[in-house]
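Here's the structure, in structure tokens; my notes come after.
In what follows, chains carry the letters A, B, and so on, assigned in the order in which the sequence lines appear, proteins first and then strands, with residues in each chain numbered from 1. Owing to the predicted nature of the structure, the values given are computational and were not obtained by experimental measurement.
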Amino acid sequence: MKLPKDFYTRPDVVQIAQELLGKYLYTAVDGMLTGGMIVETEAYSGENDRACHAHMNRRTARTEIMYHEGGVAYVYLVYGIYNLFNIITNVEGKADAVLIRAIEPEVGTEEMLLRRNMPTIKSNLTAGPGVMSIALGINRKHYGENLTGNTIWLEDKGIRIPEAEMMTVPRVGIDYAGDDALLPWRFYIKGNKWVSKK
DNA sequence: TAAATGATGTCCT
DNA sequence: GGACATCATTTAA
């Protein structure tokens with residue numbers, strides 16, 4: 001079942017980030033279906049989070065979409081090289097987002113290997129926000145894409161991650177955010193080989 | 001095996 | 001000019 005729009009418009013971005021574990025992310029780019037189960041996420045909140053690009057109503061052409069109503073994609077270029085895929089949540093005017101950091105490949109693995117220029121499947125095929133976007137064919141053309149449409153979407157297959165397998169730790173790569181770097185807003189499935197390794 | 005490094009668009013000071 | 005929600009490759013130990 002495709003996740004409905006009202007899944008994304010709820011106010012608690014941290015809770016949504018947790019619930020996204022075990023959901024499935026699919027893309028249909030260039031006529032190729034690729035996707036798999038989400039195994040790692042991070043929450044970013046416009047309010048009270050210095051790690052968020054839109055902290056304190058910082059509004060630029062790049063972050064504009066974060067103020068949109070939940071249920072659209074925020075694709076952003078880091079280090080001039082990698083496209084990171086985020087899901088916008090909450091209502092219009094609230095700049096909350098969930099970064100999808102890793103998935104477990106399910107369909108379209110041949111196409112993912114081609115895009116990654118890899119000969120065989122290894123655990124780093126989709127482990128990490130930069131390489132995952134490459135494997136799924138996500139780029140800045142998908143900035144603002146509606147996640148209830150037919151290009152990028154999420155599905156609920158009824159999988160529930162047991163409490164004991166859901167790990168909660170501080171986010172990575174945001175040391176510049178001061179005390180906010182310590183917020184336990186990174187979530188992943190314990191023991192899953194497709195989680196990006198530290 | 002660990003640490004340094006290069007690539008480089010967008011935003012900030 | 002410097003920093004950044006990264007990753008692959010090279011260099012050092």
Side-chain angles (χ1 to χ4, degrees), chain A residues 8 13-14 16-18 20-21 25 27 36 38-68 70 72-90 94-105 112-145 147 152 154 167-189 193-198:
Chain A
Y8 305 103
V13 65
V14 174
I16 292 174
Q18 290 184 70
L20 283 173
L21 291 180
L25 170 66
T27 66
I38 296 171
V39 298
E40 184 176 356
T41 66
E42 283 182 5
Y44 287 83
S45 172
E47 297 181 22
N48 308 317
D49 180 7
R50 282 183 41 195
C52 182
H53 292 153
H55 176 58
M56 294 293 288
N57 287 324
R58 198 165 67 218
R59 198 184 272 248
T60 67
R62 184 181 64 161
T63 60
E64 185 64 32
I65 199 67
M66 297 187 77
Y67 295 90
H68 191 278
V72 299
Y74 171 40
V75 181
Y76 147 73
L77 194 66
V78 243
Y79 301 118
I81 301 181
Y82 295 105
N83 296 301
L84 303 206
F85 173 69
N86 298 250
I87 293 172
I88 299 303
T89 70
N90 214 327
K94 302 282 188 179
D96 290 356
V98 177
L99 169 69
I100 308 300
R101 292 189 56 88
I103 66 169
E104 177 177 322
M112 291 193 233
L113 289 174
L114 276 177
R115 289 169 179 161
R116 293 275 283 119
N117 197 25
M118 290 169 61
T120 56
I121 288 189
K122 285 183 287 193
S123 62
N124 66 349
L125 178 64
T126 54
V131 294
M132 184 202 75
S133 295
I134 296 172
L136 293 179
I138 294 174
N139 56 58
R140 274 171 298 161
K141 288 205 303 280
H142 303 113
Y143 180 93
E145 189 75 38
L147 297 178
I152 305 176
L154 285 84
M167 301 303 289
T168 304
V169 295
R171 292 170 294 180
V172 296
I174 54 161
D175 292 343
Y176 61 90
D179 291 342
D180 288 342
L182 303 176
L183 290 170
W185 284 1
R186 174 173 175 243
F187 309 99
Y188 66 94
I189 297 176
K193 67 182 272 199
W194 301 97
V195 172
S196 70
K197 39 186 173 269
K198 182 63 194 303

Legend entry - Between C:dC7 (P) and A:Y79 (OH): distance, integer Å: 10 Å
Legend entry - Distance below 4.0 Å between A:Y82 side-chain N/O and C:dT6 OP1 or OP2: no
Legend entry - Short side-chain N/O contact to C:dC7 OP1/OP2 from A:R116, under 4.0 Å: no
Inset, instruction - Look at all strands and tell whether A:R50 reaches a base, only sugar-phosphate, or nothing, counting heavy atoms closer than 4.0 Å. - result: nothing
Legend entry - DNA chain C stem ranges, 3 or more consecutive Watson-Crick or G-U pairs under 3.5 angstrom: B:1-7 with C:6-12, B:9-12 with C:1-4
Inset, instruction - Indicate, with a heavy-atom threshold strictly under 4.0 Å, whether A:I174 touches base, sugar-phosphate, or nothing. - result: sugar-phosphate
Legend entry - salt bridge (charged side-chain N to carboxylate O under 4.0 Å, His left out) partners for A:R58, two or more places apart: none
Legend entry - Rounded distance (Å) that lies between atom C1' of C:dT6 and atom CG of A:L99: 11 Å
Inset, instruction - With the side chain counted from C-beta on, respond yes when A:Y76 and A:H53 share a heavy-atom pair under 4.5 Å apart, and no when they do not. - result: yes
Legend entry - Atom-to-atom span, OH of A:Y76 to P of C:dC4 - whole angstrom: 10 Å
Inset, instruction - Report the residue (A:N86 or A:N124) whose heavy-atom-nearest nucleotide on DNA chain C is the more 5′ of the two. - result: A:N86
Inset, instruction - Figure out the CD1/P separation between A:I81 and C:dA3, and round it to whole Å. - result: 17 Å
Inset, instruction - Calculate the interatomic distance between A:L77 atom CG and C:dA3 atom C1'; express it in whole Å. - result: 14 Å
Inset, instruction - Extract, from 5' to 3' on DNA chain B, the first and final nucleotides lying under 4.0 angstrom from some heavy atom of chain A. - result: B:dA7 to B:dC12
Legend entry - Passing option when A:Q18 is tested against A:L21, A:V14, A:L20, A:I16 for side chain to side chain contact (heavy atoms under 4.5 Å, CB included): A:V14
Legend entry - Counterpart residues, salt bridge (charged side-chain N to carboxylate O under 4.0 Å, His left out), relative to A:R115 (two or more places apart): A:E111
Legend entry - side chain to side chain contact (heavy atoms under 4.5 Å, CB included) involving A:V39 - partner list, sequence neighbours excluded: A:M37, A:A102, A:E104, A:I189, A:N192, A:W194, A:V195
Inset, instruction - With heavy atoms under 4.0 Å as the rule, sort A:R59 into base, sugar-phosphate or nothing. - result: nothing
Inset, instruction - State whether A:Y67 and A:R59 meet the cation-pi test: NZ (Lys) or CZ (Arg) under 6.0 Å from the six-membered ring centroid, and within 45° of the perpendicular axis. - result: yes
Inset, instruction - Determine the contact category for A:R171: base if any of its heavy atoms lies under 4.0 Å from a base atom, sugar-phosphate if only primed atoms, P, OP1 or OP2 are that close, otherwise nothing. - result: nothing
Inset, instruction - For A:Y44, enumerate each residue passing the side chain to side chain donor-acceptor pair (under 3.5 Å) test, keeping only those at least two apart in sequence or located in another chain. - result: A:E42
Inset, instruction - Count the heavy atoms of every other residue, nucleotide or ligand shown that sit under 6.0 Å from CD of A:E47, and state whether that count exceeds 12. - result: no
Legend entry - Test item: A:V75 and A:I65 side chains (from C-beta on) under 4.5 Å apart, heavy atoms: no
Legend entry - Nucleotide C:dC7, atom C1' - distance to NZ of A:K122 in whole Å: 13 Å
Inset, instruction - Under 4.0 Å between any heavy atoms, over every strand shown, what does A:G80 touch: base, sugar-phosphate, or nothing? Just pick one. - result: base
Inset, instruction - Could you check whether A:Y44 gets within reach of a base, just the sugar-phosphate, or nothing at all, counting any heavy atom under 4.0 Å? - result: base
Legend entry - Neighbour count >12 (heavy atoms, 6.0 Å) for atom CE, A:M56: no
